[in-house]
Amino acid sequence: MFSGIDEVDWASMEHAYGPADDVPELLRGLASDDPAEREAALDGMYGAVHHQGDVYACTLACIPFLFELAVDPGVQDRGSVVELLTSIGGFDLDEDDEAEIDEDEIEGAANYAMAAAAVTAGAGVFFELIADEDPGVRLAAPLALATLHRHPVRVLTLLRERLPVEPDEEVRLALVEAAGRVALRHRPLAGRVAEWLGRLASPAHSAGLRLAALAQLARCAPDGLPGDVVPVVAGLLREMRSPPEEPAPEKDEPDPEREPDAEPVDPDADPVDPEPVAAEACRGEQVAAPTLVGQLRPLSAQENAGRGAPWAADLLRTLHVGLDDRVGDRTALLADQLRSPDRRQRIDAVRMSGGLIRAWRGPYEELVALVGEQLSDPEPRLAEAASHVLEELFGLAAPAADALAARVADRPGDWVKAWASGPPGLGSTVKALARLGDARAVPALAAALELPRVAHDVGFAVGHLGAAARPLAGALRRRLGEVELDEAAYDRASPLLAGLTGLRAGEATPEVLRVLRGAPEYRGEWLRTAALRALGSFGPAAREAVPELRALIRRPGTASATEAAEALWAVSGDTGAVLPVLIEGLQSHQVHDRRAAVVALGALGPRAAVAAPRLRGLLAHEELWLRVDAAIALWEVTGRSSETTEALLADWERSRHVRVRVAECVARMGPVPEGSAAAHVLRSELASVRRHNAMDGGYGSHDIHEDEKLLALCRRALRGTGKGSTA
């Protein structure tokens, strides 16, 4: 094995962390008899040689040696090697991707293409591995074939012929998943795959196989799903919870469209033991290794401990992805799962509920109430999962308000979470309750303000509570007065300043002025900004700060001068003092500072009409957010919507990120004329089932809140309620 490995000039290559001269050791580690060494080597391959899916020259050089490992029956954990090869060779670069590649990415794209070619050229070995004695290899081989082999009809034929003789249930599901992958990659075969999957979804087969078939149907041929898919899936889940019965022998029909040169499984060669085997026992001993892979595996094992069907959650996730915008079906299915007596099914359902609500709009009152019911369950993982989902919902968590309040009251030890590094933070249930504006969160925040280190997010929670948190003003003021103005001042003072800003607590002006005057050099600019925003929120109640603010605006063109001018206007209304400073701020070289000046000018309204030509000139600026802010400010100072609406709607179409800001302005402009471009845009947004900020593979903690705010603004603009609060 590894013939010629030492002849490769590994030192001349690099991987994610430097020279690739350690790659031979990693490859040899994959063949080790020591499970910990194999685990460490696999972690090194994913962490450096194939870092985050990247393909380097050294990755390409590894491919022949990985194939040697995959086919050597003396090597353990070969399934992991097959998965690694599938990942290296399975990158699809379509025509759109190729058109977007710039010069810096050409080499990387070429590496992906060479990796795909090299692994695909050797993909024939996976035909042999699909009947390997090692269940781990058989588990990985179907997806490798579906992803990499050039002859999808042959692959599909083999998958169908292998299914009746495969003894391992999880491998059987992998065969079905691979068929779905074939259909997705080769759309002309989708009909043939869907027909087979439809037969596998019939009552003649096991519950797990039927669920797998339905999940793949949802992915590749959703029109083939039964009309009663929700009760069918609910019944399958109940069946999988019940003690298993002896399954009837399952036979698959011969494929009338089989190619003459297909490579079927020979029933006379290498017969498979018909008795199911324990896959874990055959896949080699697993040990916890001090690597990422080594740490994730025990966590996964712990998560699946005691599950009769640990793969059911993955099948349900696949089904949900396939159901896509069928929010009603997905909600009904999750509601059924959340009523399950099986806690693990409920944990999965809670997490999937979060994913559904995060990406899609819909009526979620029943689903949220059911998630709230999980908070009282004694299983800590279930209650914790529910609290994290509810934390992201803001106003949508209202059906769970009483459940949240009960858990907050019962578990004061969870009010604040301490971390190994960094400041403490509020617990999920406290944040969720506060984000609802529910006064029952106030005792928890009051307790948090008495701790030696204030939670970093307490100020934001106070802001969501508004007037209900007014009793906390004294504690916020006192703690701010105690903050030492050293290098840690920003971290300690910013949560308190945020809270006072949210309460508009003008009585705290002396404490805020102390921070403003004594801000240290380290993060001092951030701290002064927070203090100035607090003073601005206090309005006339902060009049004793006027001399300080006037002194700060004497340096026009700087960020602090703009921020001080904005605060001075809010406190004193002195247009003559602040207008020149803000106009000067429009000339700043920093886009952020120019935006601050633009927004401040808009706040002055018609008093800043003299700045209209300069604001109008910014409507063609290359920076998106500056254009949007300038258009809004131009309307605010002139009162004429015609010249700004077109610009705002154009940027609405260019970027989903500006839509809330644009909708706020349109809603304040007054009634939107029926049949206008603005009305069309707003109605189109309301008609969309997909959240405007939904992303594949990532999300933000405020995404749901921002999207719901956008919907409320669109409705308000179309109702023509005019100016007012957008909270």
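Keep in mind that the numbers below use all heavy atoms, side chains included, and drop hydrogens, waters and symmetry copies. This is a predicted model, so every value here is computed, not measured.
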Can you confirm whether the side chains of [X] and [Y] place a donor and an acceptor under 3.5 Å from each other?
| X | Y | answer |
| --- | --- | --- |
| H388 | S428 | yes |
| T59 | H15 | no |
| E392 | S701 | no |
| R435 | H464 | no |

Whether [X] side chain and [Y] backbone form a donor-acceptor pair below 3.5 Å:
| X | Y | answer |
| --- | --- | --- |
| H592 | A596 | no |
| T644 | S641 | yes |
| S588 | G585 | no |
| R690 | W360 | no |

If you count the non-hydrogen atoms of other residues, nucleotides and ligands that lie under 6.0 Å from [atom1] in [X], is the total more than 12?
| X | atom1 | value |
| --- | --- | --- |
| W625 | CH2 | yes |
| R533 | CZ | no |
| E507 | CD | yes |
| R514 | CZ | yes |
| R470 | CZ | yes |
| R543 | CZ | no |
| E525 | CD | no |

Non-hydrogen side-chain atoms of [X] and [Y] separated by less than 4.5 Å:
| X | Y | result |
| --- | --- | --- |
| R715 | R719 | yes |
| V571 | F538 | no |
| L436 | L393 | no |
| V610 | I583 | yes |
| V598 | L582 | no |
| F394 | K709 | no |
| R661 | L648 | no |
| L579 | L604 | yes |

Calculate, to the nearest 0.5 Å, the distance between atoms [atom1] and [atom2] belonging to [X] and [Y] respectively.
| X | Y | atom1 | atom2 | answer |
| --- | --- | --- | --- | --- |
| R330 | H320 | CZ | NE2 | 6.0 Å |
| N111 | D54 | CG | CG | 9.5 Å |
| I357 | E708 | CD1 | CD | 9.5 Å |
| Y364 | I704 | OH | CD1 | 8.5 Å |
| C665 | L713 | SG | CG | 11.0 Å |
| I553 | E548 | CD1 | CD | 12.0 Å |

Exercise. Evaluate side chain to side chain contact (heavy atoms under 4.5 Å, CB included) for E674 paired with H680, printing each intermediate quantity in order.
Key: CA-CA 8 Å; E674 190 63 37; H680 173 73; over 6 Å; no

Check [Y] with [X], please: is the shortest side-chain N to carboxylate O separation under 4.0 Å?
| X | Y | answer |
| --- | --- | --- |
| R523 | D491 | yes |
| E685 | R361 | yes |
| R716 | E664 | no |
| E706 | R691 | no |
| R594 | D629 | no |
| D457 | K431 | yes |
| R550 | D574 | yes |
| E622 | R654 | no |
| E643 | R640 | yes |

Self-check item: Ring centroid separation H51 to Y56 under 6.0 Å
Solution: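 When the ring centroids of H51 and Y56 are compared, they turn out to be at least 6.0 Å apart.
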
Quiz prompt | Counterpart residues, side chain to side chain donor-acceptor pair (under 3.5 Å), relative to R607 (two or more places apart) | solution =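 For R607, no residue satisfies side chain to side chain donor-acceptor pair (under 3.5 Å) once neighbours in sequence are set aside.
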
Please report the shortest heavy-atom distance between [X] and [Y], naming the atom on each side.
| X | Y | result |
| --- | --- | --- |
| V637 | A612 | CG2-CB, 4.3 Å |
| N693 | D703 | ND2-O, 2.9 Å |
| A400 | L390 | CB-CD2, 3.9 Å |
| A565 | V578 | O-CG1, 3.3 Å |
| L682 | C714 | CD2-SG, 3.6 Å |
| V546 | S572 | CG2-CB, 4.3 Å |

Quiz item: Can you check side chain to side chain contact (heavy atoms under 4.5 Å, CB included) on L445 and L465, steps first, answer last?
Solution: CA-CA 11 Å; L445 299 183; L465 284 165; 3.3 Å; yes

Quiz prompt | Lys/Arg cation over aromatic Y699: R358, 6.0 Å, 45° cone | solution =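 Yes; both conditions hold, so R358 lies above the ring face of Y699.
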
Self-check item: Worked verdict on E544 versus T509 for side chain to side chain donor-acceptor pair (under 3.5 Å)
Solution: CA-CA 8 Å; E544 68 178 282; T509 298; 5.0 Å; no

Exercise. Decide yes or no on side chain to side chain contact (heavy atoms under 4.5 Å, CB included) for L532 and L549, but give the supporting numbers first.
Key: CA-CA 9 Å; L532 288 168; L549 297 174; 3.4 Å; yes

Quiz item: salt bridge (charged side-chain N to carboxylate O under 4.0 Å, His left out) between R492 and E487: does it pass, once the steps are laid out?
Solution: CA-CA 10 Å; R492 297 181 183 277; E487 289 192 349; over 6 Å; no

Practice problem: Please determine which of L710, L711, V681 meets the side-chain contact (heavy atoms from CB on, under 4.5 Å) test together with L686. | Solution: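 One option only clears the test, and that one is L711.
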
Exercise. Just say parallel, tilted or perpendicular for the rings of H702 and H705, cut-offs at 30° and 60°.
Key: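 Taking H705 first and then H702, their aromatic rings stand perpendicular (interplane angle over 60°).
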
Exercise. Could you go through the side chain to side chain contact (heavy atoms under 4.5 Å, CB included) check for L472 and V462 one step at a time?
Key: CA-CA 8 Å; L472 301 177; V462 168; 4.0 Å; yes

